[in-house]
Number of protein chains: 2
Amino acid sequence: MSQSKTDPRVLRTRKLIMDSFIQLSEKKEFKDITVKDITTEAMINRATFYYHFEDIYDLLEKVLSEVLLINLKGDQFENNEINEEGIITIFKAIANFQASLSNRCHRGYEDTIARIIRDQLEVIFYKMLLKQHNTEGDESLKVTAVMLSWGIYGASVEWRRNSNSITPQEYIKPAIPYLMSGIVLG
Amino acid sequence: MSQSKTDPRVLRTRKLIMDSFIQLSEKKEFKDITVKDITTEAMINRATFYYHFEDIYDLLEKVLSEVLLINLKGDQFENNEINEEGIITIFKAIANFQASLSNRCHRGYEDTIARIIRDQLEVIFYKMLLKQHNTEGDESLKVTAVMLSWGIYGASVEWRRNSNSITPQEYIKPAIPYLMSGIVLG
DNA sequence: TTTGATATGTTGTTTATCCAACACATTAAG
DNA sequence: CTTAATGTGTTGGATAAACAACATATCAAA
């Protein structure tokens, strides 16, 4: 696998853009952030932005997936097995992520963000299910992944609504046996 | 004055290098910091470093002057008049700067740093004296600037040795009348 | 409606940065 | 004394990023 590595300038520029976007998100709402704002903060040319991203929504999507992936890296996401510990880890990541980002700075864009998060979760769960059952092309695995992604995401929304009286772990733990026996392994 | 503005990439790269250097200085001593360390942290190529700086000492010098100038900008450095308030401001800048930077991370390089700071101070004082007396080419102004720079710098060293029982202002204030009447205006 | 101001995308040319390779110095280990 | 490893500093050819210019869209004020 000779994957000719990407130019360091590309990695640096993408990081500058993403970091600037995250930083701006802490001051303004998403709808008030322009491409010019981002490129000014990142000290790069506006044309360069379009060299890397289709538009500002493309950037949002990529930032969200990146943050999620980083939150899940180094934990059992690499283990590729669905188990109680893994689900709790993922749930914690989503819950904390929501609490830190989408909560405060993207009023009016929760739907978009929710869709992106669910899409990411779906991919992750589908990969894990494949590793566990290795029946490639099985449509039921995809459906299962869809349900898991909606379920976990929805739980994080409800957790946010109820807290801060309970931790993510405590909130999700009771439901896991049902998930494990009924859906995933049934 | 058509000063063809410098390429944004240049400004960005210099900032990345300087910021990385400052950040590394908070973890390592100066003598343990290599060019490779800096360029890795800054996400730029090592060759690019040499495009902007002669060597690591050149970088140190420029970082120090930049930090000093920034500390003094927006205050009465622009007023171009030597007075009690201005001297206190400068002294505070030096004292705080020492406390924050050269104190902890450059053991063994105090002499170099001291020289750089004094050089910067000398330039600043000379400019201020010129504005005040406008007798260009007068050698005595240069000597005065030299003495002021050594005096202020030395006072900051002594202040550091005695504190934290007293603020920079309180420390320097009693001496100012003598400076004003004896050296600057005498 | 018209006007001015501001944001979004796109394109050819110029330029700063990357890379690989090189010579040289320093330092530690065998 | 080698030898290996690591850091410094330089060079010519390849490429991402900057720039300027343009067309288009949006939106508030006249």
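Atoms considered below: every heavy atom in the structure, side chains included; atoms not considered: hydrogens, waters and symmetry mates. Per chain, numbering begins at 1; letters A, B, ... match sequence-line order.
At a threshold of 4.0 angstrom between heavy atoms, the contacts of B:N45 include nucleobase atoms, whether or not backbone atoms are also involved. In this structure, B:R14 reaches neither bases nor backbone, as no heavy-atom distance under 4.0 Å exists between it and the strands shown.
Checking side-chain atoms of A:D37 against main-chain N and O of A:T34 turns up a donor-acceptor pair under 3.5 Å. B:W159 places no side-chain N or O within donor-acceptor distance of the main-chain N or O of B:Q169, the cut-off being under 3.5 Å.
In this entry the distance linking NZ of A:K36 with P of C:dA5 reads 18 Å, nearest Å. Whole-Å rounding puts the B:K31 NZ to C:dT27 P distance at 13 Å. Computed from coordinates, the B:I44 CD1 to D:dA16 P distance equals 18 Å when rounded to whole Å. In this entry the distance linking CZ of A:F53 with P of D:dA17 reads 11 Å, nearest Å. Following rounding to the nearest Å, A:D32 (CG) and C:dA7 (P) show an atom-to-atom distance of 11 Å. Rounded to an integer number of Å, the gap from B:M43 CE to C:dA16 P is 21 Å. C:dA20 atom P lies 6 Å from atom NZ of A:K5, rounded to whole Å. If you take CG of A:L11 and P of C:dC18, they are 11 Å apart, rounded to a whole angstrom.
The side chain to side chain contact (heavy atoms under 4.5 Å, CB included) check on A:Q23 picks up A:E41, with sequence neighbours excluded. Residues forming a side chain to side chain contact (heavy atoms under 4.5 Å, CB included) with A:D7 (at least two apart in sequence, or on another chain): A:R9, A:V10.
When the side-chain nitrogen and oxygen atoms of B:H52 are compared with OP1 and OP2 of C:dT17, one or more of them lie within a distance under 4.0 Å. In terms of phosphate contacts, B:R12 brings a side-chain nitrogen or oxygen within less than 4.0 Å of OP1 or OP2 of D:dA18. Here B:Y51 does not reach the OP1 or OP2 of C:dT17: none of its side-chain N or O atoms lies under 4.0 Å away.
Residues A:L59 and A:M43 do not share a hydrophobic cluster, defined by chaining ILVMFWY side chains whose heavy atoms lie under 4.5 Å apart.
For A:R9 against C:dT17, a side-chain-to-base donor-acceptor contact under 3.5 Å is present.
The aromatic rings of B:Y171 and B:F91 lie parallel to each other, with less than 30° between the two planes, well short of the 60° mark.
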What are the atom names and distances for every N/O pair under 3.5 Å that joins the protein to nucleotides 9-13 of chain C?
| unit_1 | atom_1 | unit_2 | atom_2 | d |
| --- | --- | --- | --- | --- |
| C:dG9 | N7 | A:R46 | NH1 | 3.0 |
| C:dG9 | O6 | A:R46 | NH2 | 3.2 |

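Side-chain atoms of A:T13 and A:H52, non-hydrogen and from C-beta on, do get closer than 4.5 Å to each other.
Closest contact between the side chain of B:V10 and the listed nucleotides C:dA16, C:dC18, D:dA18 involves C:dA16. Ranking C:dT8, D:dA18, C:dC18 by closeness to the A:T34 side chain, first place goes to C:dT8.
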